[in-house]
Amino acid sequence: MTHSSPLRELTLRGLILGALITVVFTASNVYLGLRIGLTFASSIPAAVISMAVLKALGKGTILENNMVQSQASAAGTLSCVFATFPGLIMTGIWSSFPFWQTAGLSLAGGIAGVLFTIPLRRALVTESSLPYPEGVAAAEILRAGAEDGNSRSLGALISGSVVAALFTFASNGLRVLADTVTVTTSAGAAVFQASGGLSLALIGAGYLVGLAGGLAMLLGCILAWGLGVPWLTAYMPNPDHLNAAAFAQSMWLHKVRFIGAGAIAMASVWTLVELMGPVARGLRSMIMASRDPLTTDRDRDLSPRMLGLLLLVTVLLLGGFFAAFLAPVAHGIWPAVIAAVAFCVVFGFIMAAACGYMAGIVGSSSSPISGIVIIAAVLSALMIMGLETLGLMPAELMANNQKLAIGFTILLLSAITAIAAISNDNLQDLKTGQLVGASPWKQQVALIAGCVVGAAVIPPVLNILYQAYGFAGAMPRPGMDPSHALSAPQPALISLIAKGIFTQSLDWSMLSVGIGLGIGLVILDLLLRRRKLSLPPLGVAVGIYLPPSVSVTLAVGAIMGWLLKRRMAKNHAQTASSSGTQTEAAAEHDTSVGTMLASGFIVGESLTGVALAIFSGALGKDDALSIASWLPASATTLMGFLVFCGICFWFSRMVLKTEPSS
């Protein structure tokens, strides 16, 4: 099948299918983000599902499939607002997620993200040599589907999803298998702790991130838990007389994680510095191309008039929701509202360029969204304090321990997060569209449609998860088990930073150490580049800031992926030398099977988590399905570890399994 029918591209059935996939992937990403602080790129799974459904319906084209995956991936990416909105509950501003405010700000930020990537498309996609790994992979899968060659890949996706769903149900639902293995030991007063999450989603994410990113995160984890935590526990007092494990966790949460935040900020600033030249050249290229009368439909974006109209709608939405937040509690709000909208537009465009460029280099999953949000948190809080100094900020906003100012900062950050996340994903999708011959303006319409549906899904999913599990430090009902609360690492960190700036209680010493560490990591990476090596500073910083159960397991997945790909390359090279046949296509096919299995792990665990959340929320209990009360913790830990290792072995066998000759 080829795309010989150019009219069947942006279709009603495609939009409906994209909306249905959107609901699933948005819910999955919100859950995964609140649980472990990471999300998955949904382009590839969405492309596979679209191909299967449209093939069953008949007369599907590669271009129609591309529109579906673009819409679904945009909505799945918009779910990154999980990093900010829960902060409004953690700080006591909200008691639930109001639909119109949550959906409206998500939508406004998402549309802005689409608009900001349009003038960057020619420079960063069409006329660029950036690799766009996920965009290219999605294009290859779409082409394989058009040639009826995707049956094994689809089977791998389904198999991975089922296995992950069963394991997650047994661990998080029935509770007969543990989901974490932790070992704590002491050397004098210093406490050492090693943790690993028994999460198939993390194994899949590590497989997709690759070796460099996985090892960088592992190094960050070693710096945090092999140096930072032991040193602090040895020299800091323990006034609450916590046990060794709890004291180590407290030091990491309140001290070491701020070192990670400072390092993330520094690494992100360096990324922006490196991007200044390419962005300037891209803008010049866009202006020149817009004056060319020979531009074809396959290279045409949304019209300038439409861009202007959508930008006006976005500005009005942002201004309206900011004003609605402030109006009931403050007077003289318009200087603050105008400043906040201007910040979103100007800073948002800079972030769009930064995230888009990084996505082109390392892929959407590894782009510095966390660092961008941290920088935005500091800058927006400082902007609000500056407005107060100038007498342009309502006095009510800064009263009551600056609670409203913190809430307003988090609200502003939610729009910035949506802009950065969508920009991060859209250029990847536009690269896929370029490779398969899609019309950019139609793809941009699909991306906006994905933002609309995703924005509508996010508020109810957030409410369901909050009522079912609660967030760390914020439980909706008394008597809930805090050990099962969603850790929500990004919202907790953002809330701490905003509160610390406004109350002047932020531990700048830890942030300063992190900034110094970030500078050192940047210098080290520059030195390694001379030897054609790489140590992503942002990856190391994120490894410090995320829980070790995340970093270690993700690194294990990355190392597994590297070993498996080396083994496959060696096997195919031996086959080629002995038979004299070309096996490159077979090697690529086996690699795609690994990608599908890894994606299935992510999708299966995430969807099961959402289903369990819905069930728990309906019953008002977060352990409603547990049957493990009679099992000792050591037994569930041992069984969970053994089953987890067995599934990893099965994963390896499936990836290395020789494809039957055709």
Side-chain angles (χ1 to χ4, degrees), residues 26-27 29-37 39 78-106 109 253-254 257 321-322 324-326 328-329 370 373-374 376-377 380-381 397 400-418 421 455-503 547 609-610 613-614 616-618 620-622:
T26 301
N29 261 338
V30 170
Y31 166 76
L32 194 64
L34 289 174
R35 181 173 181 269
I36 63 174
T39 59
L78 189 63
S79 61
C80 284
V81 294
F82 78 85
T84 50
F85 277 125
L88 292 165
I89 285 182
M90 292 177 170
T91 53
I93 304 293
W94 286 354
S95 58
S96 64
F97 297 94
F99 179 83
W100 289 112
Q101 282 182 281
T102 307
L105 279 171
S106 300
L253 182 65
H254 299 293
R257 197 160 65 160
F321 284 110
F322 291 153
F325 181 83
L326 296 178
V329 293
S370 295
V373 176
I374 289 172
S380 58
L397 198 66
N400 191 25
N401 293 325
Q402 295 81 34
K403 186 175 180 180
L404 290 172
I406 295 169
F408 187 56
T409 301
I410 295 174
L411 206 70
L412 191 159
L413 285 175
S414 299
I416 289 289
T417 302
V457 172
I458 288 169
V461 172
L462 284 172
N463 276 316
I464 289 171
L465 292 174
Y466 175 56
Q467 293 299 323
Y469 297 117
F471 303 141
M475 307 301 286
R477 299 181 303 278
M480 294 183 69
D481 185 352
S483 66
H484 295 149
L486 297 171
S487 62
Q490 283 95 335
L493 180 60
I494 294 302
S495 301
L496 284 172
I497 291 175
K499 183 177 180 180
I501 291 176
F502 285 114
T503 60
V610 172
I614 294 173
S616 298
K621 295 177 62 179
D622 57 348

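Note: Ile458 CD1 to Ser106 OG = 4.5 Å, rounded to the nearest 0.5 Å. In this structure, CD1 on Ile89 lies 5.0 Å from OH on Tyr466, to the nearest 0.5 angstrom. Between the CD1 atom in Ile416 and the OG1 atom in Thr409 there is a gap of 12.0 Å [rounded to 0.5 Å]. Note that the CG atom of Leu462 and the CG atom of Leu88 stand 10.5 Å from one another [nearest 0.5 Å].
In plain terms, the two heavy atoms of Ala83 and Ile494 that are nearest each other are O-CG1, 4.0 Å. Cys80 and Ala421 make their closest contact through CB-CB, 3.6 Å (heavy atoms, listed as atom of the first residue, atom of the second, distance). Taking each heavy atom of Ile93 and Gly407 in turn, the nearest pair found is CG1-CA, 4.0 Å. The shortest non-hydrogen separation linking Pro491 to Leu34 is CG-CD2, 4.5 Å. Of all heavy-atom pairs spanning Leu412 and Ser380, the tightest one is CD2-CB, 4.1 Å.
Ring geometry for Phe408 against Phe322 counts as perpendicular: the plane angle is over 60°, on a 0 to 90° scale with 30° as the lower cut.
Counting heavy atoms from C-beta on, the side chains of Ser495 and Ile410 come closer than 4.5 Å. Looking at Leu105 and Phe85, their side chains come closer than 4.5 Å, going by heavy atoms from C-beta outward. Contact annotation: the side chain of Pro460 never approaches that of Phe97 to less than 4.5 Å [non-hydrogen atoms, C-beta and beyond].
Evaluation of the side-chain hydrogen bond (donor to acceptor under 3.5 Å, both in side chains) test over residues 80-102, restricted to residues two or more places apart or in two chains, returns Thr84-Ser414.
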Legend entry - Verdict with supporting geometry, Val461 and Thr26, side chain to side chain contact (heavy atoms under 4.5 Å, CB included): CA-CA 9 Å; Val461 172; Thr26 301; 5.9 Å; no
